[in-house]
Amino acid sequence: MITKPTLPQGTRDFAPDVMLKRNYLISTIKQVFVKYGFLPLETPAMENLSVLTGKYGEEGDRLLYKLLNTGDFLKKADTEDFNDSNTLLKKISEKGLRYDLTVPFARFVAANQHDLVYPFKRYQIQPVWRSDRPQKGRYREFYQCDADVVGTKSLVCELEIIQMIREVFSLLQITDYTIKINHREIIRGLSEFIGFPGREAELSVAMDKLDKIGVDGVKKELVERGFNIESAEKLFIVLGITGETKEKISQLKNTLTVDSAQQGLADIETILNYLTLSDENWNHIEIDPSLARGLSYYTGSIFEVKINNIQIGSVSGGGRYDNLTGIFGGKDLPGVGFSFGIDRLYDAILELDLFPTDLVESTNCLIVHFDQESFDYGFSVLKNLRKNGISSEIFPEMAKLKKQLQYANKKNIPNVLFIGSEEIKTGIFTLRNMTDGAELKGTQADIINQLK
RNA sequence: GUGGUUGUAGUUCAGUUGGUUAGAACGCCUGAUUGUGGUUCAGGAGGUCGCGGGUUCGAGUCCCGUCUUUCACCCCA
């Protein structure tokens, strides 16, 4: 016997029952993106490594999937190249799988900058690949649903991101969640405030672990990273500020008196004010100065969405990156965007049991038959049903009625149409509702009317 | 990339200190029921115990490697 084939680590098949749920998620998200004026875009699964490398930091480069050159991939390599994997890599690999959707998007914008209408709003729903160690809610192949705007610094974009997140969650019936907001300038100000200007990268890494390792853990980590205990204490003067959002902002403004932080706070205030002007409340929103987010290209506001009381990482995140397209030789276009991780959303919604029960896009009607004559007769009836837009099928082989009906049961087909010699003779058919067993007798026209 | 964890029928899991022919439930197939499904009853099929090596008279069980699962770190959707 041949050994069973397995999937590569961290990848999955999506069986029909799973796909129905995933499609529901994707179409919900897509529908909201479209409503806010975003246009679809797709880019190739693979990009040149020159596009991908260096955009995600050292860690990101390690997690990139690299593709061997086609043909004799060792052709360009010399013996001494084998002494260093980085040198060898350049000789044997020129392409890699995309790591996220933002960088390919930036590449696209840089390449087509003169043909686009600005502000350019695009959405993109495609898989990405990272050679990370799989864990719960972490896969090596997963989907991102991105929506980005380039070509404007307007904070209306940030407003709309918040609105879209809320709208998607509302449609998905998710009620207990938090949209965390921060600003790169606030982090910069924080770094300055605690006496270590310019060290916000290290500060971010430590702060980001607050949920996990607690106040003392963060203080310890800061000291290990070369900050001192006084600066750590000072940090928590700011992070210790709690309260209603309005109150929190004014306290932050009074405490974090550094210029950069003031700018960041002003931006957030503007965004929230836009929300008020849109007749919306500030529910689900939390300003969190410790929110860091990994990607180094963010320059302004930062978002992250967590579903509360669910053991899963963030399900959505994003931010403003005012100079991403510049690295591809284009003019520096400001941009802002965010992304839903639908694999995690799926896991969360499954755990919360919030998937609608009526997602089965099953056949509406199955034609069952008793003998060769009724089987043959069934084709014209089937054609007629389909002509009237009724999703239907005929049991494709001669089989006992029991088997045919069991097929309908297993496939959740709600209606069964019986065809036998009696029916052919009289032109009166029996339609059975498989849920409650109720039967309806009538002509083909009656049946079609009922099924529509 | 580092350290732990997991793998037995289609599925969820039993399987004693290493000891004959590896079990259960559900599912699947057949029949009771040749023009009527779900229920019930009777019967049946299905496993070289993830894969490869080793120790042993003997391995599902112990050891090593590998793949997979899962968890922590790193990082992240």
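By convention in this document, chain letters (A, B, ...) are assigned in the order of the sequence lines, proteins followed by strands, and residues within each chain are numbered from 1.
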J.: Describe the nucleic acid contact of A:Gly137 in one word from base, sugar-phosphate, nothing, applying a heavy-atom distance below 4.0 Å.
T.: base
J.: Name the nucleic acid region contacted by A:Gln144, choosing base, sugar-phosphate or nothing; use a 4.0 angstrom heavy-atom cut-off, strictly under.
T.: sugar-phosphate
J.: Determine whether A:Lys219 and A:Phe236 satisfy the following criterion, side chain to side chain contact (heavy atoms under 4.5 Å, CB included), listing intermediate values before the conclusion.
T.: CA-CA 9 Å; A:Lys219 285 180 184 171; A:Phe236 279 97; 3.7 Å; yes
J.: In whole angstrom, give me the gap between the C1' atoms of B:A72 and B:U11.
T.: 30 Å
J.: Between B:C26 and B:U17, how far apart are the two C1' atoms, rounded to whole Å?
T.: 33 Å
J.: Of all the nucleotides listed (B:C74, B:G1, B:A77), which has the minimum atom distance to the side chain of A:Lys209?
T.: B:C74
J.: Is A:Arg130 positioned over the aromatic face of A:Tyr65, cation under 6.0 angstrom from the ring centre and no more than 45 degrees off axis?
T.: no
J.: Say you pick atom P in B:U61 and the same atom in B:G19; how far apart are they, in whole Å?
T.: 11 Å
J.: Using atom P in both nucleotides, what's the gap between B:C29 and B:C71 to the nearest angstrom?
T.: 35 Å
J.: Using the P atoms only, state how far B:G7 lies from B:U40, rounded to an integer number of Å.
T.: 33 Å
J.: Apply side chain to side chain contact (heavy atoms under 4.5 Å, CB included) to the pair A:Glu94 and A:Leu49, showing each step before the final yes or no.
T.: CA-CA 6 Å; A:Glu94 288 167 352; A:Leu49 280 179; 5.8 Å; no
J.: Could I get a table of every N or O pair under 3.5 Å where one atom is in the protein and the other is in nucleotides 66-68 of chain B?
T.:
| unit_1 | atom_1 | unit_2 | atom_2 | d |
| --- | --- | --- | --- | --- |
| B:U68 | OP1 | A:Gln9 | N | 3.0 |

J.: Could you label the plane-to-plane angle of the A:Phe338 and A:Phe340 rings as parallel, tilted or perpendicular, counting under 30° as parallel and over 60° as perpendicular?
T.: perpendicular
J.: For each nucleotide in nucleotides 31-40 of chain B, reading 5' to 3', give B when a protein heavy atom comes within less than 4.0 Å of its base, S when such contact involves only the sugar-phosphate, and - otherwise.
T.: SB--BBBB--
J.: By the 4.0 Å heavy-atom rule, please label A:Asp343 as base, sugar-phosphate, or nothing.
T.: nothing
J.: With both distances kept under 3.5 Å, what pairs with B:G58, Watson-Crick or G-U wobble?
T.: none
J.: Does A:Arg138 contact B:C71 through a side-chain donor or acceptor facing the base, at a distance under 3.5 Å?
T.: no
J.: Reckon A:Lys306 touches a base, only the sugar-phosphate, or nothing at all at heavy-atom distances under 4.0 Å?
T.: nothing
J.: Using a heavy-atom cut-off of under 4.0 Å over every strand shown, decide if A:Val128 touches base, sugar-phosphate, or nothing.
T.: nothing
J.: When you measure from the side chain of A:Ser374 to the backbone of A:Phe370, do you find a donor-acceptor pair of N or O atoms at a distance under 3.5 Å?
T.: yes
J.: Over how many whole Å does the gap from A:Asp132 atom CG to B:U2 atom C1' extend?
T.: 13 Å
J.: In Watson-Crick or G-U wobble terms, both distances under 3.5 Å, what is the partner of B:C51?
T.: B:G65
J.: Can you check the distance between B:G53 and B:A59, where both ends of the measurement are the C1' atom (answer in whole Å)?
T.: 14 Å
J.: Return the set of residues passing ring pair (Phe, Tyr, Trp, His ring centres under 6.0 Å) with A:His369 (not counting sequence neighbours), or none when no residue passes.
T.: A:Phe375
J.: From the set B:A77, B:U70, B:G1, return the single nucleotide nearest to any side-chain atom of A:Tyr139.
T.: B:A77
J.: Quick one: are the ring centres of A:Phe429 and A:Phe418 less than 6.0 Å apart?
T.: no
J.: Aromatic contact between A:Phe33 and A:Tyr123, with the criterion being ring centroids under 6.0 Å apart: yes or no?
T.: yes
J.: Considering every strand and a 4.0 Å limit on heavy-atom distances, what is the contact class for A:Ser314: base, sugar-phosphate, or nothing?
T.: sugar-phosphate
J.: Taking A:Ser392's backbone N and O only, do any of them form a donor-acceptor pair with A:Arg386's side chain (distance below 3.5 Å, no angle check)?
T.: yes
J.: Given the P atoms of B:C28 and B:U39, what is the spacing between them in whole Å?
T.: 9 Å
J.: Between A:Lys95 and A:Glu47, does any NZ, NE, NH1 or NH2 come within less than 4.0 Å of an OD or OE carboxylate oxygen?
T.: no
J.: With RNA chain B as reference, determine whether A:Arg62 or A:Phe340 sits nearer its 5' end, using the nearest nucleotide of each.
T.: A:Arg62
J.: Using a cut-off of 4.0 Å on non-hydrogen atoms, how would the nucleic acid contact of A:Lys136 be classed: base, sugar-phosphate, or nothing?
T.: sugar-phosphate
J.: Using atom C1' in both nucleotides, what's the gap between B:A25 and B:C64 to the nearest angstrom?
T.: 36 Å
J.: Salt bridge or not between A:Lys121 and A:Glu160? Use side-chain N to carboxylate O under 4.0 Å.
T.: yes
J.: For B:A45, which nucleotide is its Watson-Crick or G-U wobble mate, given both distances must be under 3.5 Å?
T.: none
J.: Within the structure, does a side-chain N or O atom of A:Lys212 lie under 4.0 Å from either OP1 or OP2 of B:A72?
T.: no
